[in-house]
K.L.:
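The structure is given below, and queries will be raised subsequently.
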There are 2 protein chains.
Amino acid sequence: MNVDVFQTLADPTRRRIVEALKGGELAVNDLVAQVDIQQSGVSRHLRILEEAGFVQVRPEGTKRLYSLRPEPFQELDAWVTGYRGLWEARLDRFGQALERRRKARTAHPKPEEEPP
Amino acid sequence: MNVDVFQTLADPTRRRIVEALKGGELAVNDLVAQVDIQQSGVSRHLRILEEAGFVQVRPEGTKRLYSLRPEPFQELDAWVTGYRGLWEARLDRFGQALERRRKARTAHPKPEEEPP
DNA sequence: CGTCAACATTCATGGACGTGTATATACATA
DNA sequence: TATGTATATACACGTCCATGAATGTTGACG
């Protein structure tokens with residue numbers, strides 16, 4: 001997590017890797033198939049993504065399965081939250097109180113419906 | 001808006017400018033006072049931010065007042081929303097319904113409390 | 001142990017980019 | 001018009017970085 005979140009996401013190839021991992025963990029070769037650069041480049045991008053906290057590795061045999069980690073996305077979400085006042089009608093102290101109550105509500109949702 | 005949102009935000013100086021504009025519109029010299037680079041650099045960053053849709057200009061006499069625009073932040077918010085499932089317990093159709101109800105609520109808040 | 005597959009790392013290179021210096025443009029005011 | 005202030009642009013320079021090619025490393029399996 002030493003590197004910057006935005007700088008890590010600035011590269012389009014890294015974003016393609018991240019988006020490919022949205023569906024679940026993938027091996028390096030699977031990512032090479034989706035991103036049109038060399039395998040060495042994919043490994044380097046994965047290293048950068050790992051140092052930035054975006055991905056984690058899990059060795060499985062001779063393969064290494066990469067998957068996403070939530071922390072940097074949460075950080076990004078927190079950052080953009082500071083600018084929601086630009087397009088939401090009211091995000092003053094009253095609106096923030098509402099927001100806090102919503103967070104508390106969605107953090108402990110009542111299981112009133114079935115998962116599909 | 002031709003340039004990439006993440007690439008625009010990758011530069012720390014540009015983020016400082018954006019954060020300085022959170023309080024409202026500012027002239028270029030006001031930003032130069034907050035960012036420790038030359039005035040020419042600030043103007044260049046403002047041009048990049050303008051081309052990316054982050055800021056808009058309003059001439060006032062010999063000054064030019066820059067202010068934030070919501071679109072790129074909304075775009076960023078929409079992007080990170082695609083990854084909320086990583087840390088929220090459930091963001092399936094049920095959770096999205098909750099989310100939609102919250103949005104409808106905060107869009108028309110009843111003035112039932114005083115701001116702290 | 002030898003071999004193959006999967007992946008990581010090193011090295012060299014070209015291009016993009018942020019910065020400072022200097023100069024240009026626009027506006028206001030006397 | 002002349003002068004000063006506010007901002008934008010042109011140019012040159014150094015640095016960072018994404019990429020490909022080549023090589024190194026690790027694990028599975030005969």
Side-chain angles (χ1 to χ4, degrees), chain A residues 1-21 23-69 72 76, chain B residues 1-21 23-69 72 76:
Chain A
M1 283 254 226
N2 41 359
V3 204
D4 194 72
V5 176
F6 293 99
Q7 199 147 346
T8 306
L9 250 32
D11 185 71
T13 305
R14 274 195 294 270
R15 281 203 303 274
R16 291 199 59 186
I17 292 178
V18 166
E19 288 164 11
L21 289 175
E25 59 181 11
L26 286 177
V28 181
N29 274 341
D30 304 334
L31 293 168
V32 173
Q34 302 202 26
V35 182
D36 53 347
I37 65 172
Q38 221 65 17
Q39 174 262 325
S40 63
V42 174
S43 283
R44 245 174 300 119
H45 281 306
L46 285 170
R47 187 179 223 290
I48 294 175
L49 286 169
E50 186 182 12
E51 287 175 350
F54 278 88
V55 300
Q56 60 192 167
V57 207
R58 181 173 71 88
E60 178 147 305
T62 171
K63 299 192 174 186
R64 309 194 66 190
L65 300 176
Y66 283 85
S67 54
L68 294 179
R69 284 165 47 88
L76 201 62
Chain B
M1 282 258 225
N2 42 356
V3 204
D4 194 72
V5 176
F6 293 98
Q7 197 147 351
T8 306
L9 251 32
D11 184 70
T13 305
R14 275 196 293 269
R15 280 203 303 274
R16 291 199 58 186
I17 292 177
V18 166
E19 287 163 12
L21 289 175
E25 57 181 11
L26 287 176
V28 180
N29 273 340
D30 303 334
L31 293 168
V32 173
Q34 303 201 27
V35 183
D36 54 346
I37 65 171
Q38 221 64 17
Q39 173 262 324
S40 63
V42 174
S43 282
R44 256 189 321 259
H45 281 307
L46 285 170
R47 185 179 225 290
I48 293 173
L49 286 169
E50 187 182 10
E51 286 175 349
F54 278 88
V55 300
Q56 60 192 166
V57 209
R58 181 173 71 89
E60 178 146 303
T62 172
K63 300 192 174 184
R64 308 194 65 190
L65 300 177
Y66 283 85
S67 56
L68 294 180
R69 285 164 47 87
L76 201 63

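Per chain, numbering begins at 1; letters A, B, ... match sequence-line order.
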K.L.:
With sequence neighbours left out, what residues match A:Arg64 under side chain to side chain contact (heavy atoms under 4.5 Å, CB included)?
P.N.:
A:Val57, A:Tyr66

K.L.:
Name all residues meeting the side chain to side chain contact (heavy atoms under 4.5 Å, CB included) criterion together with A:Ser67; count only those two or more places apart in sequence or in a different chain, and write none if there are none.
P.N.:
A:Glu25, A:Gln56

K.L.:
CG of B:Leu9 to CD of A:Gln7: how many Å apart, nearest 0.5 Å?
P.N.:
11.5 Å

K.L.:
Once you round it to whole Å, what is the distance between C1' of D:dA18 and CG of A:Leu46?
P.N.:
14 Å

K.L.:
To the nearest Å, how far apart are B:Arg64 CZ and C:dT25 P?
P.N.:
15 Å

K.L.:
Does a side-chain N or O from A:Tyr66 land closer than 4.0 Å to OP1 or OP2 of C:dA8, or not?
P.N.:
yes

K.L.:
Using side-chain hydrogen bond (donor to acceptor under 3.5 Å, both in side chains) as the criterion, list what pairs up with A:Ser43, not counting sequence neighbours.
P.N.:
A:Gln39

K.L.:
Under 4.5 Å between any side-chain heavy atoms of A:Leu26 and A:Leu65, yes or no?
P.N.:
no

K.L.:
Output all residues satisfying side-chain hydrogen bond (donor to acceptor under 3.5 Å, both in side chains) with A:Arg15, sequence neighbours left out; order by chain, then residue number.
P.N.:
B:Asp4

K.L.:
Over all heavy atoms of both residues, which pair between B:Pro72 and B:Ala52 is shortest? Give the atoms and the distance, please.
P.N.:
CG-O, 3.7 Å

K.L.:
Heavy atom of residues 27-35 of chain A under 4.0 Å from DNA chain C: which residues?
P.N.:
A:Ala27, A:Val28, A:Asn29

K.L.:
Only counting residues at least two apart or in another chain, list the ones meeting ring-ring contact (aromatic ring centres under 6.0 Å, His included) with A:Phe54.
P.N.:
A:Phe73

K.L.:
Side chains of residues 28-36 of chain A: which donor-acceptor partners sit under 3.5 Å, not counting sequence neighbours?
P.N.:
unit_1	atom_1	unit_2	atom_2	d
A:Asp30	OD2	A:Ala27	N	3.2

K.L.:
For the CD1 atom of A:Ile17 and the CD1 atom of A:Ile37, what is their distance to the nearest 0.5 Å?
P.N.:
6.0 Å

K.L.:
Specify the separation, in whole Å, of atom NZ of B:Lys63 and atom P of C:dT29.
P.N.:
12 Å

K.L.:
Taking only residues two or more places apart in sequence or in another chain, which ones pass side-chain hydrogen bond (donor to acceptor under 3.5 Å, both in side chains) with B:Gln38?
P.N.:
none

K.L.:
For nucleotides 16-24 of chain C, give me one character per nucleotide, 5' to 3': B if any protein heavy atom sits under 4.0 Å from the base, S if the only such contacts are to the sugar-phosphate, - if neither.
P.N.:
-SSBBBB--

K.L.:
Nearest whole angstrom, please: distance from the C1' of D:dC17 to the CD of A:Glu51.
P.N.:
14 Å

K.L.:
Polar atom pairs between nucleotides 25-28 of chain D and protein, under 3.5 Å, N or O only, would you list them?
P.N.:
none

